[in-house]
Amino acid sequence: AASGYYTEVLSLAVGPDGSVVAHNPAFVLEFREGANEKAISARLADNRLPNVMRLNKEFEELSAADGPFDAAITALNFHDIYNGQSAEDALAILQIIHSMLKPGAVFGIIDHAGVADADNAALHRIEVAKAIETATAAGFVVDGQSNILSNPEDDHTQGVFAEGLRGHTDRFLLKLSKPAQ
């Protein structure tokens, strides 16, 4: 959930009869001198988003017992796990997410588009093909891919934090699902 931007969007989307769980591991909350902890705490202060519950746990501590969920999303951070840890760690985390979802549930991945033969780790990007390969290895089915967040002016040669590009990167959106049975 990081700072909770998408948490807030989802809270409004599901409305008062729905619920949202905002997951963060400790390192995300501690990143940049606790900026994410401060931001998500402010978003949720005074029960401002009453349908949101926080789930602060390490990925390795998550289990099917924390669910089951109808849907899950990871936004702009899958590349960090894949590139910053390993492809195997990324697979293990997607397998955990898979175990926490109900049969037929939807899982979305939004991330900064990378290209083959680029230093995607340094650029904080990932190739969509690698995200798909990892997701399908974890048991997900690809239901669709959208270009709604694409930016053709991003030539994929700059890091995602570059001045003028931050917040405006070319992004992909994958709609995945856990098979119904």
Do the side chains of F161 and F31 join up, straight or via other hydrophobic residues, at under 4.5 Å, putting them in one cluster?
-> no

Minimum side-chain heavy-atom gap L101-F140 below 4.5 Å = yes

Separation of M100 CE from D66 CG (nearest 0.5 Å) | 4.5 Å

Among the clusters formed by ILVMFWY side chains lying less than 4.5 Å apart, do L173 and V106 turn up in the same one?
-> no

Is there a side-chain contact between Q145 and V128 (heavy atoms, below 4.5 Å)?
-> yes

Does any donor atom in the side chain of D111 or H79 lie under 3.5 Å from an acceptor atom in the other side chain?
-> yes

Is D46 atom CG crowded by more than 12 heavy atoms from other residues, nucleotides or ligands, each under 6.0 Å away?
-> no

With salt bridge (charged side-chain N to carboxylate O under 4.0 Å, His left out) as the test, would you mind laying out the steps for D70 and K102 before giving the verdict?
-> CA-CA 6 Å; D70 297 314; K102 294 177 182 177; 2.9 Å; yes

Residue pair L123 / T157, side-chain heavy-atom distance below 4.5 Å | no

Heavy atoms of other groups near E33 CD, more than 12 under 6.0 Å = no

For residues H156 and D170, is any side-chain donor paired with an opposing acceptor at under 3.5 Å?
-> yes

Stepwise, does the salt bridge (charged side-chain N to carboxylate O under 4.0 Å, His left out) test hold for R125 with D154?
-> CA-CA 12 Å; R125 298 173 178 272; D154 175 3; 2.9 Å; yes

Evaluate whether atom CG of D117 has more than 12 neighbouring non-hydrogen atoms of other residues, nucleotides or ligands under 6.0 angstrom away.
-> no

Straight-line distance of T74 OG1 to Y6 OH, nearest 0.5 Å | 10.5 Å

So, for A71 and A105, which heavy atoms are closest and what is the spacing to 0.1 Å?
-> N-CB, 4.4 Å

Any L29 side-chain heavy atom under 4.5 Å of N56 side chain | yes

Has the side chain of N77 got a donor or acceptor atom that lies under 3.5 Å from a matching backbone atom of D80?
-> no

Evaluate the side-chain proximity of N120 to I126: yes if any heavy-atom separation is below 4.5 Å, no if none is.
-> no

Mind checking the CG-CG spacing from L165 to N151? Nearest 0.5 Å is all I need.
-> 7.5 Å

Is the closest side-chain donor-acceptor distance between N36 and S3 under 3.5 Å?
-> no

From R43, R54, R32, residue fulfilling salt bridge (Lys or Arg N to Asp or Glu O under 4.0 Å) relative to E37 | R54

Quick one: do V160 and I110 end up in the same hydrophobic cluster if we chain Ile, Leu, Val, Met, Phe, Trp and Tyr together by side-chain heavy atoms under 4.5 Å apart?
-> no

Just wondering, do L174 and F172 contact through their side chains at under 4.5 Å, heavy atoms?
-> yes

What is the distance from atom OG of S19 to atom CG of N51, rounded to the nearest 0.5 Å?
-> 7.0 Å

Under 3.5 Å: donor-acceptor pair, side chain of K178, backbone of H98 = yes

Are L176 and I109 close enough that some pair of their side-chain heavy atoms sits under 4.5 Å apart?
-> yes

Are L12 and Y5 co-members of a hydrophobic cluster defined by side-chain heavy atoms under 4.5 Å apart?
-> no

Would K130 and E127 count as a salt bridge (charged side-chain N to carboxylate O under 4.0 Å, His left out) if you check the C-alpha gap in whole Å, the side-chain angles of each, and the deciding distance to 0.1 Å?
-> CA-CA 5 Å; K130 289 187 178 191; E127 295 170 61; 3.8 Å; yes

Check whether any side-chain heavy atom of L91 lies under 4.5 Å from a side-chain heavy atom of Y82, and answer yes or no.
-> no

Those residues at least two apart in sequence (or on a different chain) that pass salt bridge (Lys or Arg N to Asp or Glu O under 4.0 Å) with D89 are none

